[in-house]
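Okay, structure first, notes after.
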Amino acid sequence: MRIALTSVFVDDQRKALDFYTNVLGFDKRHDIPLGEQARWLTVVSPESPDGPELLLEPAGHPAAKAYRDALVADGIPLAQFAVDDVYAECERLRGRGVEFTQEPTDVGAAVIAVFDDTCGNLIQIAAEKTTAG
């Protein structure tokens, strides 16, 4: 068994595609119309183009809004992405206008930071620390 697809609910798929590709640097994988207002819209990491896809899913269901609003109110990220260097990634993303809700923080086994994806979610980036031995 392996993870092939996971999703984040987004307010606006067009805006989300722009943010996740042009700001974060993911590549668009699928863009299939599903009626007049929704698309099967996925992105992948350019470092793993055949790896798991992230579905930018419309957040139209009332439960999705309540869930996301509660997470944001409590400062809880909806998703986490791995990076090699949180400090460098924060600087790169700040240069592209990304706003962080949590600055890089050493939490022992990793360094983490949290940003607003402009589409209704908080996203965490993390770099695991390597241990010699």
Side-chain angles (χ1 to χ4, degrees):
M1 188 178 305
R2 63 188 180 282
I3 297 171
L5 176 84
T6 191
S7 63
V8 294
F9 291 105
V10 297
D11 297 332
D12 178 315
Q13 285 186 301
R14 194 171 296 124
K15 180 180 175 183
L17 180 62
D18 180 62
F19 183 83
Y20 279 79
T21 57
N22 295 324
V23 176
L24 297 185
F26 290 108
D27 292 332
K28 181 172 64 172
R29 179 80 177 267
H30 294 288
D31 188 354
I32 302 167
L34 298 173
E36 292 185 26
Q37 296 188 15
R39 299 147 54 186
W40 182 262
L41 184 58
T42 67
V43 295
V44 295
S45 169
E47 297 172 25
S48 184
D50 295 322
E53 296 177 56
L54 180 66
L55 175 63
L56 304 176
E57 189 165 356
H61 192 281
K65 179 173 177 20
Y67 174 66
R68 291 185 324 141
D69 288 351
L71 289 177
V72 170
D74 289 344
I76 299 171
L78 179 70
Q80 176 178 289
F81 302 138
V83 298
D84 293 328
D85 181 336
V86 169
Y87 299 100
E89 191 65 16
C90 285
E91 289 307 309
R92 182 184 80 82
L93 293 175
R94 272 195 196 92
R96 294 178 176 206
V98 173
E99 293 184 19
F100 283 81
T101 61
Q102 180 182 332
E103 292 299 315
T105 304
D106 187 321
V107 294
V111 175
I112 62 171
V114 179
F115 64 85
D116 181 338
D117 78 350
T118 74
C119 303
N121 305 294
L122 297 178
I123 304 295
Q124 181 171 284
I125 54 175
E128 289 187 55
K129 293 180 183 177
T130 57
T131 55

Arg96, CZ atom: more than 12 neighbouring heavy atoms under 6.0 Å | yes
Answer yes or no: are there more than 12 heavy-atom neighbours, outside Glu47 itself, under 6.0 Å from its atom CD?
-> no
For Gln102, does the CD atom sit with more than 12 other heavy atoms under 6.0 Å from it, leaving out its own atoms?
-> yes
Donor-acceptor pair, Asp74 side chain versus Ile76 backbone, under 3.5 Å?
-> no
In terms of heavy-atom contacts, Pro58 and Gln13 come closest through CD-NE2, 3.5 Å
Closest non-hydrogen atom pair, Pro46 against Asp27 = CB-OD2, 3.3 Å
Same cluster (ILVMFWY, side-chain, under 4.5 Å), Tyr87 and Val83 | yes
Please round to the nearest 0.5 Å and tell me the distance separating atom OG of Ser48 and atom CD of Glu53.
-> 10.5 Å
Is any side-chain heavy atom of Val111 closer than 4.5 Å to a side-chain heavy atom of Glu128?
-> no
Can you name the one residue among Leu41, Val8, Thr42 that meets side chain to side chain contact (heavy atoms under 4.5 Å, CB included) with Leu54?
-> Val8
Tell me, do Asp117 and Tyr20 make a side-chain contact under 4.5 Å, heavy atoms counted?
-> yes
With the side chain counted from C-beta on, respond yes when Arg39 and Leu17 share a heavy-atom pair under 4.5 Å apart, and no when they do not.
-> yes
Kindly indicate, with the supporting measurements, whether the criterion salt bridge (Lys or Arg N to Asp or Glu O under 4.0 Å) is fulfilled by Asp18 and Lys15.
-> CA-CA 5 Å; Asp18 180 62; Lys15 180 180 175 183; over 6 Å; no
Test side-chain contact (heavy atoms from CB on, under 4.5 Å) on Leu24 and Leu93 and set out the steps.
-> CA-CA 7 Å; Leu24 297 185; Leu93 293 175; 3.7 Å; yes
Shortest non-hydrogen contact from Arg68 toward Val10 = NH1-CA, 3.9 Å
Give the cluster check for Leu56 versus Val72: same hydrophobic cluster or not, with ILVMFWY residues linked at side-chain heavy-atom distances below 4.5 Å.
-> no
Would you please test Phe26 and Phe19 for side-chain contact (heavy atoms from CB on, under 4.5 Å) and show each step?
-> CA-CA 9 Å; Phe26 290 108; Phe19 183 83; over 6 Å; no
Greater than 12 external heavy atoms within 6.0 Å of Asp84's CG | no
In terms of hydrophobic clustering (I, L, V, M, F, W, Y; side-chain heavy atoms under 4.5 Å; direct or indirect links), are Val114 and Phe81 co-clustered?
-> no
Ile125 and Glu89, any side-chain heavy atoms less than 4.5 Å apart = yes
Does a sphere of radius 6.0 Å around CD1 in Ile3 hold more than 12 heavy atoms from other residues, nucleotides or ligands, not counting ones at 6.0 Å or beyond?
-> no
Determine the interplanar angle of the Phe115 and Phe100 rings, folded into 0 to 90°, and report it as parallel if under 30°, tilted if 30 to 60°, perpendicular if over 60°.
-> perpendicular
Provide the closest heavy-atom pair for Val86 versus Ala127 in the form atom of the first, atom of the second, distance.
-> CG2-N, 3.5 Å
How close do Val23 and Val98 get, heavy atom to heavy atom, and via which atoms?
-> CG1-CG2, 3.4 Å
Steps toward side-chain contact (heavy atoms from CB on, under 4.5 Å) verdict (Leu122, Leu71) | CA-CA 8 Å; Leu122 297 178; Leu71 289 177; over 6 Å; no
Looking only at heavy atoms, the pair that brings Arg94 and Pro104 closest together is NH2-CD, 4.3 Å
How about Ile123 and Pro77: do any of their side-chain heavy atoms sit closer than 4.5 Å?
-> no
Going by the side chain to side chain contact (heavy atoms under 4.5 Å, CB included) test, name the single residue among Asp50, Val43, Leu5 that passes it with Arg29.
-> Asp50
Count the heavy atoms of every other residue, nucleotide or ligand shown that sit under 6.0 Å from OH of Tyr67, and state whether that count exceeds 12.
-> no
